[in-house]
Amino acid sequence: MKRILIAAAGVLALSAGVAKATTLDDVKARGALNCGVTQGLPGFSSPDDKGNWTGIDVDFCRAVAAAIFNDANKVRFTPLSAKDRFTALQSGAIDVLSRNTTWTMSRDTTLGFNFAGVMYYDGQGFMVRKSLNIKSAKELNGASICVQTGTTHELNLGDYFRANNMKYEVIAFSTIDETVKAYDSGRCDVFTSDQSQIYAIKLKLTNAGDHIVLPEVISKEPLGPLVRHGDDQWFDLIKWTYYALLNAEELGVTQKNADQEVNSANPEVKRLLGSDGKFGEGIGLSNDWALRAVKQVGNYGEIFDRNVGPNSPLGIQRGLNKLWTQGGLQYGMPIR
Amino acid sequence: MDVSAPPAGTPASFVSPGMIAPEPAPISTRGPIAWSRAHLFGSPFQIILTLFGLAVIYVVVPPVLRFFIFDAVFTGTGRNACLPEVIGRPVGACWPFIGAKFNQIVYGFYPEAERWRVNLVYLIGVVLLAPLMIQKVPYKRLNALLFFGAYPVAAYVLLTGGNLQLRGFLLSWVGLGPLVTTIGQAIGFSTGFWPDYVISALLVAAIAAAAAPVFAGSRKGAAKTALGAFVILGVVLAAVDINFGLPWVETRVWGGMLVTLVIAVTGIVASLPLGILLALGRRSQMPLVRIASTLFIEFWRGVPLITVLFFATYMLPLFLPGRFTIDGLLRALVGVALFASAYMAEVVRGGLQAIPKGQYEGAQALGLPGGLMMRLVVLPQALKLVIPGIVNNFIGLFKDTTLVLIVSIFDLLGVLRAAFTDPAWATPTTVVTGFGFAGLFYFVFCFGMSRYSMALEKRLDRNRRH
C-alpha cells in the first residue's frame with residue numbers, strides 16, 4: 001500500500017513538473033554554490049597571491065552565496081574555458097555561470113539559458129599614445145590600427161569608420177599577443193579590442209602611463225551571469241541579487257553602513273534590507289538576504305571600484321556602468 | 001779484472017736504476033692550443049662551424065643572463081616593484097612574482113592548513129624512491145613493495161583525507177544491501193561493508209575452489225589464491241575507509257606541481273606494466289587476446305590525448321546514469337594512463353622483436369614454462385634494450401601532462417597562466433618570467449630522468465661492452 005502511494009505521489013510530482021529538487025535545494029544540501037568563472041581574466045576572475053579568486057564576476061557569486069548561506073566563502077569556483085562553459089552549465093556541474101559572457105539572443109533562447117542581468121557593459125574601445133594628443137575616437141581619421149583578425153572587432157571597426165566617414169589602415173595579426181606587441185613597438189597608432197581587455201593589456205605595456213583609452217565604446221558586449229532554463233525560482237534569486245546590489249548603491253547602502261541602515265527611515269532601504277516586507281520569501285530565502293549580500297561583498301559600486309575601478313590596478317572608468325541616475329545604464333528594478 | 005768493484009772514477013758499463021720517465025708529447029700536440037687546433041680549427045669547415053657557434057653564444061647568452069639575472073628584480077611586492085618607469089632602470093625578470101605565487105605553483109589551491117599533507121607525500125616519495133634508484137642499497141624487494149604498493153595508498157589517504165565511508169561490496173550490488181547493513185550494525189559497524197566483504201570473499205573463494213578442477217588446478221590452491229587476493233584488497237580498502245581525522249580535500253582544489261607530479265607519476269608507474277602486458281598480448285598465440293590487445297593499442301594511439309581528456313571530462317557524464325559521477329582528476333588520470341600504456345606497449349614490442357629465436361628455444365630446452373621464460377629470459381633482455389625508448393615515453397608523458405589545462409585541471413602551467421592574469425602583478429615581463437620558470441622546472445625533471453636512464457643503460461650493458 002505504502003509503495004503504491006509513493007508511486008502515485010511520484011506520478012503527481014512528475015506531472016506537476018517538480019520531480020527534481022530545485023537548484024536552491026541542491027545548493028543548500030551541498031552547502032556551497034558552484035560557480036563557473038574564467039580561467040583567469042584580470043579584474044573579472046583571477047587568483048590572488050593567497051590563491052583566493054577575486055574579480056567582479058567572482059564577487060557576484062560571493063554575493064549570491066552570502067544571500068543564501070550568510071557566508072560569502074561558501075562558493076566553489078570552477079574555472080572554465082570559453083568552450084566548456086556552456087556544457088558545464090547545461091550538465092549541472094555549475095549552478096551559475098559568471099564568466100564574462102556576452103548576453104546574446106541565441107544564448108538566451110536556443111542554448112537554453114537565462115541571463116540575469118548585466119554586471120559589466122563592455123564594448124569595443126580604442127587605446128592610443130598620449131603623445132598623439134587625441135581625446136576622442138572621432139579624431140582617428142587616417143590612423144593605422146592594430147587588430148586581431150577573425151574577430152568581431154575587425155568588422156565593427158569597418159562599420160564605425162565608414163559610418164563616420166573616416167579613413168583608416170588595418171594592421172591585423174592572428175593572435176592577441178602579436179597584436180599587443182606590434183602596438184607596443186609602435187607599428188600602429190591605435191590598438192582596438194574590448195575596453196575591459198584594453199585596460200588589462202595596458203598594464204603590460206612597456207610604459208603603461210604613456211597610453212590612454214579613448215572614451216568611445218563602439219559595440220555592445222553586455223556581460224552578465226546566467227543560469228540554465230527550467231528553474232524560475234533560481235533564476236529570480238540570481239536576478240534579484242544583482243538588482244539588490246544596484247539598489248544598494250543607489251540608496252547609499254554600503255558594506256560599512258549596512259547594519260545601521262537596517263533602521264533607516266527610508267522605506268526603500270527598509271524593503272531592501274528586510275526590515276519591512278517579506279521579499280526574501282519570494283526567492284526562497286529569509287527577508288534579510290540583500291543585507292547579507294551587501295554586508296559581506298558590498299554594493300555594485302564597491303564591487304566595481306575594488307576589482308576594476310579606481311581602487312584596482314586596472315583603473316577602468318565607470319562609463320556605461322554608472323547608475324542611471326548618473327547617466328549610465330545600471331538600473332536596479334524596484335523592490336516592492 | 002774485478003767486475004764487481006770498478007775502481008773509483010772510472011766510467012764503466014751503466015745500468016739504469018729504473019725506467020726513464022716518458023718525454024712529454026711535443027708542444028704541437030698538447031696544451032690548449034693543440035687541443036683547439038684539433039677540435040675547433042681542424043679544417044676550414046670546422047673553423048666556420050666554430051665561429052658560427054661562438055656567434056650564436058654571443059648573441060643568445062648575454063641577453064638571457066642580463067634578462068634573468070643582471071637586470072632582474074629579486075625583491076619587492078606588487079607590480080610597482082617590477083615597472084621600469086617606477087624603479088628607473090630597465091627591468092628583466094620579475095622574480096618576486098614567482099615568490100608571491102610560489103605556494104600556488106607548488107600546491108595549487110590546496111587549503112593552507114592542510115599543506116603539510118602534501119609535503120609529507122613529497123617527503124615519503126623521495127625517501128622511498130632514492131634508495132630504489134641507487135644500486136648498492138639493499139632490501140630492493142621490500143623497498144619496491146613499499147614504493148609501488150603501500151605508497152600510492154598512503155599518498156591517496158594523505159592527499160584526499162581517506163575516510164571513504166564505504167557502504168557495501170558485492171552483495172549490496174545484487175540487492176542484499178539492507179541485509180548486510182543489519183548484520184554490520186548488529187556487530188558494531190555503522191555500515192554493512194565489512195560483513196558484505198567477508199561473506200563475498202568466502203563466496204568467491206568457494207566458487208574458485210569448486211571451479212578449480214575444470215581448469216586442472218587444485219581446489220586448495222585456488223581457494224588460497226582467492227582469499228589471498230581478498231586479504232590484500234581488504235587491507236587497501238581498510239586504509240581508505242578508516243577515519244584518520246583528516247579533513248576531505250577535493251581534487252578540484254589540487255593544482256600546480258602537485259597535479260603535474262601526480263599525473264606524471266601515475267602515468268609512468270601504470271604505463272610500464274600495462275604496456276608490457278599489452279605488448280605480450282599483441283604477440284600472443286591466442287587470437288582473442290591478440291586482437292583485443294591490437295585493437296586497444298591502435299585505438300589509443302589513434303586518438304589525440306586532448307580528445308581523450310575532453311571526452312572523459314565533458315562527454316562521459318552525459319552518458320553516465322543520473323548523479324553517478326567520477327572525480328574529474330581521476331578521469332584524467334585513467335585517460336593519461338591508458339594513453340601512455342598504448343605507446344609503451346609498442347616500445348616494449350620493439351624490444352621483444354629484437355630477442356633472437358635462440359633465446360626462446362634455449363629457455364624451452366631448459367624446460368622453463370611460458371611465464372617463467374618471459375620473466376627470466378626474454379623480458380630482462382628486451383626491456384634493457386628499449387630503455388631509451390621507455391624513458392623517451394616517460395619524458396614525453398611528463399610534458400604532456402600540461403594538456404590537462406584544457407579540462408580545467410590546473411597543473412603547474414595552468415596555475416602560472418592563471419597567475420599571469422592577476423592585475424596586481426601585470427607587468428611587461430611577468431609572462432616571460434613565468435614561462436622561464438616553468439621551462440626550468442620541466443627541464444630539471446626531464447634532464448634528471450634522461451641522465452638516470454643513461455646511467456642505467458651503462459650499468460646493464462656489461463655484456464656488450466668491449
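Lettering of chains follows the sequences in order, A, B, ..., and the numbering in each one begins at 1. What you see is a predicted model, and the numbers here were worked out from it, not measured in a lab.
- For the residue pair Phe109(B) and Gly51(A), the shortest heavy atom distance occurs at CD2-O, 3.1 Å.
- Heavy-atom pairs under 4.5 Å with chain A were tallied for Asn80(B), Val415(B), Thr421(B); the largest tally goes to Thr421(B).
- With chain B as partner, the option from Asp84(A), Thr206(A), Asp184(A) having the largest number of non-hydrogen pairs under 4.5 angstrom is Asp84(A).
- Counting heavy-atom pairs closer than 4.5 Å to chain A, the top-ranked of the candidates Arg417(B), Lys101(B), Arg252(B) is Arg252(B).
- Neither the backbone nor the side chain of Val91(B) comes within contact range of chain A; no heavy atoms are under 4.5 Å apart.
- If you measure heavy-atom distances from Phe77(A) to chain B, the contacts under 4.5 Å come from the backbone alone.
- The local environment of CZ in Arg30(A) is crowded, with over 12 non-hydrogen atoms from other residues, nucleotides or ligands closer than 6.0 Å.
- Summarising the geometry, atom NZ belonging to Lys204(A) is positioned 7.5 Å from atom CZ belonging to Phe420(B); distances are rounded to the nearest 0.5 Å.
- When all heavy atoms of Pro79(A) and Phe410(B) are compared, the closest pair comes out as CB-CZ, 3.4 Å.
- With a 4.5 angstrom heavy-atom cutoff, Asn103(B) does not touch chain A via any of its atoms.
- Of the two parts of Leu205(A), only the backbone, made up of N, CA, C and O, holds a non-hydrogen atom closer than 4.5 Å to a non-hydrogen atom of chain B.
- The part of Phe310(B) that comes within reach of chain A is its side chain, from C-beta onward, which places non-hydrogen atoms under 4.5 angstrom from that chain.
- Between chain B and the residues Leu314(A), Thr38(A), Thr78(A), Thr54(A), the most heavy-atom pairs under 4.5 angstrom are made by Thr78(A).
- Between Pro42(A) and Pro423(B), the shortest heavy-atom contact is CA-CD, 4.1 Å.
- Trp425(B) is listed as a side-chain neighbour of Asp49(A), based on a closest heavy-atom distance under 4.5 Å.
- Panel note: side chain Gln104(B), backbone Asp48(A); a donor-acceptor pair is recorded below 3.5 Å.
- Using a 4.5 Å cut-off between heavy atoms, Phe102(B) makes no contact with chain A at all.
- You'll find the side chain of Asp210(A) stays beyond 4.5 Å of the side chain of Glu85(B), heavy atoms only.
- When every heavy atom of Ala418(B) is checked against every heavy atom of Ser46(A), the shortest pair comes out as O-CB, 4.4 Å.
- Residues satisfying the side-chain hydrogen bond (donor to acceptor under 3.5 Å, both in side chains) test with Thr192(A), not counting sequence neighbours, are Gln124(A).
- Put simply, the side chain of Arg79(B) gets close to the backbone of Leu203(A): a donor and an acceptor are under 3.5 Å apart.
- With a threshold of 4.5 angstrom between heavy atoms, Ala93(A) does not approach chain B through any atom at all.
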